[in-house]
Amino acid sequence: ASSVPSGLAAPTVVSHSLNSISIAWTAPTASTLSVTGYDVLIDNGEDNTPYITVYSGKYINNVLSFEIKNLTPGNYYNIAIIAYNAAGASDLSPTLRELCGALPKPPNKIKAVSISSTSITISWNAPDDTGGIDLTNYVIYITSPTASSATVDHSVTSYTLSTVTVGTTYVFELTSKNLIGESAHSSSLSVTAVDLPSPPTLTLTASNSDKCILSWNAVAPPASSSII
């Protein structure tokens, strides 16, 4: 006897944008008749809310992907598929629960705020575009002289590399992350670790009601550098 399709798998995510989710699906594993087409249904992710059909392709059997548009960033959606053959409609497929949003932009205004013989501290600003949802983390990539990385919370906008070698240039790149994924890399920042000289000692040598005269001692430059 003929029967409706069965064995549908949950759809999978192909891509995100700020207000859409693109999905794909596969044909059911069992159907005694040729599959004639598919519907795509969503709900807003809340319990006991009805599914609505956002794509009706009951008689279009060669479409296995669809972009669901006009969604709200930050909302979760349950997405499912129904398959059809001449005997009727399948049961609803297992659902895909997916967050609507886009990848964030990378951090900007990356700069060095402290450089010494023992450490380098950099800072940055949050990206102008977070993808419509909250950031979760920043990732600091050190690409030279050796590759390494560190992850900090989204509330942190500075990072200290605490083991450096004087005269070595360190190259930093940053990314932002949200629940959709990780941004592209920022532009790179190159910083050279330096051994700073000791401060000179100021001495007041003369003063009157109009002016004061100061002098200071010369200091020895750090190794492999000079006072300019």
Would a single hydrophobic cluster contain both [Y] and [X], if residues Ile, Leu, Val, Met, Phe, Trp and Tyr are joined by side-chain heavy-atom contacts under 4.5 Å?
{"X": "Y38", "Y": "I52", "result": "yes"}
{"X": "I122", "Y": "V152", "result": "yes"}
{"X": "V13", "Y": "Y76", "result": "no"}
{"X": "V63", "Y": "I42", "result": "yes"}
{"X": "V139", "Y": "V171", "result": "no"}

With distance as the sole test, does [X] use its side chain to make a donor-acceptor pair with the main-chain N or O of [Y] at under 3.5 Å?
{"X": "D91", "Y": "S6", "value": "no"}
{"X": "Y51", "Y": "N78", "value": "no"}
{"X": "N85", "Y": "S3", "value": "yes"}
{"X": "N44", "Y": "N75", "value": "no"}
{"X": "T95", "Y": "R97", "value": "no"}
{"X": "T136", "Y": "K177", "value": "yes"}
{"X": "T203", "Y": "T205", "value": "no"}

Provide the closest heavy-atom pair for [X] versus [Y] in the form atom of the first, atom of the second, distance.
{"X": "I110", "Y": "S186", "value": "CD1-OG, 3.1 Å"}
{"X": "L135", "Y": "P127", "value": "CD1-CD, 3.6 Å"}
{"X": "V40", "Y": "I23", "value": "CG1-CD1, 3.8 Å"}
{"X": "T168", "Y": "P145", "value": "CG2-CG, 3.7 Å"}
{"X": "P94", "Y": "P11", "value": "O-CD, 3.7 Å"}
{"X": "L174", "Y": "P106", "value": "O-CB, 4.1 Å"}

[X] vs [Y] side-chain heavy atoms within contact, under 4.5 Å:
{"X": "S183", "Y": "K105", "answer": "no"}
{"X": "V54", "Y": "F66", "answer": "yes"}
{"X": "V35", "Y": "P28", "answer": "yes"}
{"X": "S34", "Y": "N61", "answer": "no"}
{"X": "I82", "Y": "L92", "answer": "yes"}
{"X": "Y138", "Y": "P107", "answer": "yes"}
{"X": "V191", "Y": "V164", "answer": "no"}
{"X": "I140", "Y": "L161", "answer": "no"}

Item checked: Residue of the set K69, E98, E67 for which side-chain contact (heavy atoms from CB on, under 4.5 Å) holds with I21 ->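 The single option meeting the side-chain contact (heavy atoms from CB on, under 4.5 Å) with I21 is E98.
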Margin query: Could you work out, with side-chain contact (heavy atoms from CB on, under 4.5 Å) as the rule, every residue matching N125, not counting sequence neighbours?
Written below: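 N125 satisfies side-chain contact (heavy atoms from CB on, under 4.5 Å) with N108, K109 only.
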Spacing of [atom1] belonging to [X] relative to [atom2] belonging to [Y], to within rounding of 0.5 Å:
{"X": "E173", "Y": "S149", "atom1": "CD", "atom2": "OG", "value": "12.0 Å"}
{"X": "I81", "Y": "L41", "atom1": "CD1", "atom2": "CG", "value": "7.5 Å"}
{"X": "C100", "Y": "L179", "atom1": "SG", "atom2": "CG", "value": "12.5 Å"}
{"X": "L99", "Y": "I180", "atom1": "CG", "atom2": "CD1", "value": "4.5 Å"}
{"X": "I68", "Y": "S17", "atom1": "CD1", "atom2": "OG", "value": "11.0 Å"}
{"X": "L189", "Y": "I142", "atom1": "CG", "atom2": "CD1", "value": "11.0 Å"}

Next item on the list: Could you check T130 against S176 for side-chain contact (heavy atoms from CB on, under 4.5 Å), going step by step and ending with a plain yes or no?
Entry: CA-CA 8 Å; T130 64; S176 310; over 6 Å; no
Next item on the list: Please lay out, stage by stage, how S123 and K111 fare under the test side-chain contact (heavy atoms from CB on, under 4.5 Å).
Entry: CA-CA 6 Å; S123 69; K111 62 183 179 180; 3.6 Å; yes
Next item on the list: Provide the full list of ring-ring contact (aromatic ring centres under 6.0 Å, His included) pairs with a residue in residues 140-174, sequence neighbours left out, each pair given once.
Entry: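 For residues 140-174: Y141-H185.
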Item checked: Distance-only side-chain donor-acceptor flag, S162 / T160, under 3.5 Å ->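 Checked: S162/T160 side chains show no N/O donor-acceptor pair below 3.5 Å.
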Notebook entry, point to check: Taking atom types as modelled and ignoring hydrogens, do the side chains of D39 and Y84 form a donor-acceptor contact shorter than 3.5 angstrom?
Noted result: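 Their side chains do contain a donor-acceptor pair, which is all the 3.5 Å distance test asks for.
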Next item on the list: Begin from the C-alpha positions of Y55 and I60 and carry the test side-chain contact (heavy atoms from CB on, under 4.5 Å) through to its verdict.
Entry: CA-CA 11 Å; Y55 168 75; I60 309 172; 3.9 Å; yes
Next item on the list: Evaluate whether atom CG of D129 has more than 12 neighbouring non-hydrogen atoms of other residues, nucleotides or ligands under 6.0 angstrom away.
Entry: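 Correct, the count exceeds 12.
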